[in-house]
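Below is one structure; the comments refer to it alone.
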Amino acid sequence: MLSLIARREFTEFCRDGRLFWTGGIILLLLLTALAVNWQHQRTADAERLAAQTLDYDDWVNQEARHPHDAAHQGMHVFKPQSALSMLDPGIVPYVGSTLWLQAHRQSEVKFRPAQDATGLQRFGNLSPAWVIQMLGPLLVIILGFNAFAGEREQGTLRQTLSLGISPYQLLWGKALALAIGLGLLLLPTLLFAMGMIVFTMSGNAMVDALWRTLWLGLGYSVYLGIAIFVVLAVSAKTATSRMALAILLGVWIVTTMIAPRAISDASRIWHPNPTRYEFTASLDNDLGNETRKAWMENFGSDQRWGSEVGIDQWGKALEVDDKAGYKALDHQFHKLWDTFDSQQRVQEWAGFVVPLLAIRSFSMGVAGTDFANHRDFSVAAENHRRIMQDKVSHDLVEHADGHGDHHFDYKSTREFWATFPKFTYALPDRKFALAHNTLSLAILVIVLLAAMVLAHRAVMPRKA
Amino acid sequence: MLKTIQLDKHFGSHQALKAISIDVKPGEIYCLLGANGAGKTTLINLFLNFLQPTGGQVLVNGRDVQQYPLESKRDIAYIPELVMLYGVLSGLENLEYFAALATGEKLPRDKLLSLLQGAGLDATAADRRVSTYSKGMRQKVGIAIAMAKNAKALLLDEPTSGLDPKAANEFSQLLTKAKDSGVAVLTTTHDLFHAKQTGTRIGIMRRGELLTELNSADVSHSELESLYLQYMEA
Amino acid sequence: MKSALFGKVFLHELRVLIADRTLLLVGSLLVALVLYGFYNGYQETLQREHAAQELAKKQADKHAENITTLRALLGGEQKPDPFANPFDPASVGGGMEMRYATLPTLALSPLAFGQSDMLPNYYKVTDRSKASFMYDTEIENPWNLLSGHFDITFVLVYLFPLIIFALSYNLLTVEREQGTLRMLLSQPLSLAILVAGKLLVRALPVLLIMAVLPLLLLGVLRPQLFQADQLPAVLGWLGLVLAYGGFWFALALLVNIIGRSSATNALALMAAWVLFVLVIPVVLNIVVGLLSPAPSRIELATKTRLITIEGLNRYHDKLSSDYRFTQDPEVLLPRDGKIEVAPRRQAQFLIQRDVDKEIQRVLNEFSTQLAVQQMLVERFGWISPAIVTYEGMAAIAGNGAARYLEFQQQVDRFHERWKEYFEPRLLNSIAMTEQDYAEMPHFEWAEVPVQVSGILKRLLLLVIPALIVIAFAIRRMRRFSVV
Ligand SMILES: Nc1ncnc2c1ncn2[C@@H]1O[C@H](COP(=O)(O)OP(=O)(O)O)[C@@H](O)[C@H]1O
Ligand SMILES: [Mg+2]
């Protein structure tokens, strides 16, 4: 029975060209986005790997020099891109990918791709995720707005119901037809992506990426499922298809256009993040306090790098100064990142009303392109910087501080450089992604259930 | 006044009117009879230039309606089967607007009220929103609009269908009054009695063809009825 | 006669729209959106202006502190600090004195965030390498950058067309569906006058709210709006609103003339909106990126590092010589207008100078690439009025990519001047005097006036498509079917 209803419904989409045209255009966008992103990601990844290796080789092979100068040269670390960024680049275009690990101060991840793009970037980033998140529900509306309202106008609804078909069967039949229509878009995209993964990757990484793709498929199915049941509920509740269309388009505009921006601005009002100026000012302030305290304790003067501390204590001074700074850096950066996190949390909770926000969070989380991943990388990079820095100061304390007034003619050699570890960073695996995104997935599932209940109530036979 | 010459109208392959020639003179009431789908409304639409003929000519007051669309509309007043008005406005406001469009001037309130009264609308209803009106009341506003225009010709598309007998009767009297003041009236109807009663001439149409024309004075009511049925069955 | 009829249609439509509350509803919705958008933009602008003031104060305080220290040292009341010595050009140019080069906000700044949430509107210029400050970005949650902001530009580019649709998607079809169209057109009234009256009655109030309300708010909150040099920007804003709104009204007109039913009209207009506002911009963004891909930032990073290594080798001797202040504290005080600048610090300056020189070529590639991309956007942007309007808004608000690029270039030139000022002093060990402090270069932002020709070009790119659509609608009017 269900398949009968679904088949009739589906034939209708196909006959009147709705599925072919709108669906076709969307599928074209999806596959184009996928191909472009894939190509982009592959070249970037190859280049990153080459540069990362070169960087370490240059470090190990550098000439004999004072270790502090070597620390000024530093090392570059480049953030690896998640394989699934071809499906959902998430925040990647808006965060940097390169970090110069240098002496003295934690630096931020530089070079956001969006900076090398024009203002058009701000209209959005063409990716399969963008297409499904924004245009997916619109397609559901176009295919489904007249599912009930249209039949009511034609009078076929009464006729069908008079045959003894339960309205719930009708509902599920129509839902099935819509699901098949959307599956025709989602499946090829996922299969294409999986094909590329199998084709270009291997081993654990491949398995991880395939799992993530499946999870993404699940997330988007739930998201589109919500759209399907909401559309059917509205179509069943409204008298005319014109009315249903107007309401649904209104809902779409509010939930995909207005709410994400309004809530993003509201989240900034709720959890304000500092501007660059404010951040730098309070970081400088904290660093100043911490380091002065440490200098006072160790050298009896709170004058940093003052003349009281002789050259023969340079290494020690560096060590004291750096270590005092770590606390302030951790405090300030984690405070900033926690603010970002809280802002994102607000948006995830808003997912109850605006499912787009929940799926966006889930999707970039599973794709490994969200802020949690970026933060993980930043922390790893900073830890690497501290390892380098500590080794340098330690070496100076051990070897140079004993030279009295001759500090800078101390040189370290290749043996010392070779003791520095390579920066080997791999993005966290899928467990990390799932642990961070249970909330958004739970919200999506709850909203789906609510939408189903809503649709059931909407088709419930009305008591006279 | 209202004249067609060898008028043809095709909708794609379907021919809705075939070589229709009629001529309604001032002081005449021409009643078009015919089953649903005979082409009566199409003919009216052609007079209003809502449709363009595929052959032949439509003339109002001697002017081709396609060449002079606005001038010819100045000469005709039109009451459709269902007079549709702006529901959120009152009957008076609707009349004021349409009358102003028709005559180009804004009529004073008392003039508008007397027009509504003349059309038989209850004075207390004039300031109510049209969305609360019955079909008959809307029809009466339609009549008032037509009267306000002081047109040389009237085009009526089943104007009395859905009116109660008293209202229909009052309507017939208004038509007769208009005829007497020299207006040319073209009306479609299913009501043979009404046609015989008020019409001066009667045309019978079937599937786009004008089968016959007769003077209503020449036939009795029962003769008209049997003639009509005879044509319809053939 | 014609204008009289037009007036009647206009007044009647007004009455209907007021009576059925459409105007009230849509109008107040638009007012609410404009107010919220304005609030967001205004807050952001205030924040930036506040930061600029704080920075100027910080710079002045630091300067005053340096002068005080300088005098105290000359009077012998204090001992000099080896790394914060007001006589030592290496210390002074390298951070004791700094210049916060800030990009001022314009009068219309609250109307568009543009790139201001991403690119910094100030840089801290010292004699250190560009690589140390030029790649900074504004701090903003990347999620919010991805979502975009709810500013007036968003209201105009994305939501205003939808407001227009809500008012006019069924302007004629609903009359046909209700049956009033036959009543209307049986009067001596031409279709052109009817639609013109209907359109104008809808266009006037929303265009008025959209164009004037933000200006009123600006006029109250930002008096600099009334300066004569703001006139092109203000006129540009009015022109953009009218032309962009006009385009969507023209499209609504065409759809009403062609469309058979209100539902198809709504779908057709939404399809046009999705195409012009959502799809074309993101596709063009990708195309522009493919046609003129950004040079590799990784290459830039690698290059910077390699030059630094070369520098470390080249200035090896200077770097190996020790600071002498522990043995001889007198080296920290000027003698005969000279001060001993530590060779290590000279070396550090030289390395950074060389880095700047050498990476310039790579950096130029980036600016060229961005300029090419911008040119492509200008060349193909006309396909979507949303792009033209968005770019135009960012430009008149002073938050567009071009102004930020110019800012970077001016900062770059200033950075050169700053280094040129210090280089001879640093390398020849010339001590800084109080006189020198007064003469150090200051950053003066040279405003790039809003280009009238640029605005006109944008307006043409909006008006021409609108006129084409209208012309097409007029052609189709002859085939318009009343029944
Ligand atoms: N706009 C139109 N398009 C296609 N066919 C039409 C149109 N208007 C009328 N017709 C057809 O023309 C014929 C005459 O219709 P109509 O003039 O409405 O008949 P009547 O008013 O006599 O009942 C009918 O067969 C009808 O289906
Ligand atoms: Mg009819």
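All figures in this text were calculated on a predicted structure; none of them were measured in a lab. Both backbone and side-chain heavy atoms feed into the values below; hydrogens, waters and symmetry mates do not.
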Minimum heavy-atom separation for F50(B) and S186(C), please, with both atom names. CZ-N, 3.8 Å
Are side-chain heavy atoms of N49(B) and L185(C) found at a separation under 4.5 Å? no
Between E13(C) and Y86(B), is there a side-chain donor-acceptor contact under 3.5 Å, judged purely by atom types and distance? no
Taking all atoms of both residues into account, what is the closest heavy-atom pair of L184(C) and F98(B), and its distance? CD2-CE2, 3.6 Å
Do the charged groups of E105(B) and K8(C) touch, with an N to O distance under 4.0 Å? no
What's the separation between atom CD1 in I79(B) and atom CE in M183(C), rounded to the nearest 0.5 Å? 8.0 Å
Go through the atoms of L11(C) and report whether side chain, backbone, both or neither lie under 4.5 Å from a heavy atom of chain B. neither
Step by step, work out the side chain to side chain contact (heavy atoms under 4.5 Å, CB included) result for R15(C) and E96(B). CA-CA 12 Å; R15(C) 203 187 237 171; E96(B) 179 187 351; 3.6 Å; yes
Crowding at CZ, F480(C) (>12 non-hydrogen neighbours, <6.0 Å): yes
Shortest non-hydrogen contact between L70(B) and P188(C), atoms and distance: O-CB, 3.5 Å
Would you say CZ of R475(C) has more than 12 non-hydrogen atoms from neighbouring residues, nucleotides or ligands within 6.0 angstrom? no
Count the heavy atoms belonging to other residues, nucleotides or ligands that lie under 6.0 Å from CZ of R128(B), then report whether that count exceeds 12. yes
Atom NZ of residue position K135(B) - does it have more than 12 heavy atoms of other residues, nucleotides or ligands inside 6.0 Å? yes
Say you draw a straight line from CZ of R182(C) to CD of E81(B); how long is it, rounded to the nearest 0.5 Å? 9.0 Å
A quick test of your reading: do over 12 heavy atoms of other residues, nucleotides or ligands sit less than 6.0 Å from NZ of K3(B)? no
Any chance you could lay out the side chain to side chain contact (heavy atoms under 4.5 Å, CB included) test for H12(C) and L89(B), step after step, and finish with the verdict? CA-CA 10 Å; H12(C) 164 78; L89(B) 301 183; 3.4 Å; yes
Within a radius of less than 6.0 Å around OH of Y39(C), do more than 12 heavy atoms belonging to other residues, nucleotides or ligands occur? no
To the nearest 0.5 angstrom, please state how far the CZ atom of R74(B) sits from the CD atom of Q187(C). 11.0 Å
Among L155(B), L48(B), N45(B), which residue forms the greatest number of heavy-atom pairs with chain C at distances under 4.5 Å? N45(B)
